[in-house]
Amino acid sequence: MESQKSILIIYTGGTIGMMLNPETGILDPFNFHQIENEVPELRKLGHKLSAIQFDPPLDSSNINPDVWVQLAVIINDNYEFYDGFVILHGTDTMAYTASALSFMLEDLQKPVIFTGSQLPIGMLRTDGKDNLITSIEIAAAERNGHPVVPEVCIYFENSLFRGNRTTKNSAENFNAFKSFNYPPLALTGIHIKFNFPNIHYPEKKAPLRIHTKLVKEIAILKIFPGMRENVLDAVVNIKGLKALIIETFGAGNAPNYDWFTHKIAEAVKKGIIVVNVTQCNSGHVDMRKYQTGVELYKAGAVSGYDITTEAAITKLMYLLGRGYDYSEVIEKMNESLCGEISLTDVD
Ligand code: ASP
């Protein structure tokens, strides 16, 4: 029998806590006590549950870096009082928030599990009940007196993923998230089967430190065949731009027309950090494979390896917020700070 744990549930909003308004046909948010009423099983879990609720609850499309800071502060303020945290969040931008928090919560030693649902918790076929109950169980799980998953994660359907490896993959399926480049940290069926070798365990026991300065002067440009020169021009000339993520083809390739390479090189010369992230769901950037990648490399683009776009943008916001200079940011983009990239695949 597991010992009783104390878990803080932070309800930010999202479909999980919404109800269909019969008059408007739109999903309206309801409060956490209504969620508790819909899931009486929560009382049977045997853990001490407390909740903080955002007022008003937010559709996750409206969640921004200020909310990430709010979440980091809530976790920090409550860190010593709870064994684990469950964050209820809309699915649309959950992977961004989870990625951001993985960087902002330095030396995290306790579970922070994000979950939500595709169908509101009050609906008969809801996926929200299982997602919520299992997330609490995962946040409470311990082994040899230590939390089993001391990481920022997303739990959805039957998989627990590292938050900064996760992407929303389906607007329809209960299985809404995927982690294409890193194995699940747990799979759930009759049992919760943890994938221990893939879970990160901190080497040192250090107090949690939160980083709450995030720089937003970043752009993402998804390239496409036929993209006009003036599109790239407009983006690299954004006033105050500090970093640009280019979503490239395949293993990190982009057109090697003179104007394209030249404008990227110019941007790099101006001090804009250009990060090359692949448009493919799985696999990694290797700018040495094709001439179209080599040219980007020569122009000064830095490899994103197998990073998700969500993790790339939040990592840049975090690194720039730490006040690192150009070369330090580049150096850290080439390092895995909290398991967001695999360097082992790269020879
Ligand atoms: N629009 C909702 C949100 O992200 C969708 C969901 O929760 O699944 O807040």
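Just the heavy atoms: all of them, side chains too, but no hydrogens, waters or symmetry mates, feed the values below. In listed order, ligands and their atoms are each counted from 1. Because the structure is a prediction, the values reported are computed rather than measured.
The shortest separation from a heavy atom of Ala176 to ligand 1 is not under 4.0 Å, leaving the residue out of contact.
Using a 4.0 Å cut-off to heavy atoms of Gly14, the atoms of ligand 1 that qualify are 7 (O), 9 (O). Near Ser117, meaning under 4.0 Å from any of its heavy atoms, are these atoms of ligand 1: 8 (O). Within ligand 1, counting atoms from 1 as listed, the ones closer than 4.0 Å to a heavy atom of Thr15 are 2 (C), 5 (C), 6 (C), 7 (O), 8 (O).
Rounding to the nearest 0.5 Å places CG of Leu132 at 9.5 Å from OG1 of Thr126. With rounding to the nearest 0.5 angstrom, the CG atom of Leu45 is 14.0 Å from the NZ atom of Lys5.
Taking all atoms of both residues into account, the shortest heavy-atom contact from Val235 to Ala219 is CG1-CB, 4.0 Å.
Residue Ser61 has no N or O atom closer than 3.5 Å to an N or O atom of ligand 1. Taking distance alone, with nitrogen or oxygen atoms compared against 3.5 Å, His89 stays at or beyond that limit from ligand 1. Ligand 1 has no N or O atom lying under 3.5 Å from any N or O atom of Lys168, backbone or side chain. Remark: ligand 1 and Thr91 share an N or O pair separated by less than 3.5 Å (distance only, no angle test).
Relative to the six-membered ring of Phe196, Arg143 meets both conditions, a distance below 6.0 Å and an angle of at most 45° to the axis. Taking the ring centre of Tyr79 as origin, the terminal cationic atom of Lys110 falls inside the region bounded by 6.0 Å and 45° from the ring axis.
For atom 2 (C) of ligand 1, the nearest non-hydrogen atom from the set Asn62, Leu88, Asp92 comes from Asp92. Nearest to atom 3 (C) of ligand 1 by heavy-atom distance, out of Gly116, Ala171, Ser60, is Ser60.
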(message) Determine whether His211 and Tyr318 satisfy the following criterion, ring pair (Phe, Tyr, Trp, His ring centres under 6.0 Å), listing intermediate values before the conclusion.
(response) CA-CA 8 Å; His211 301 285; Tyr318 158 79; 5.6 Å; yes

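Considering only heavy atoms from C-beta on, Lys168 stays 4.5 Å or farther from Met94 through its side chain.
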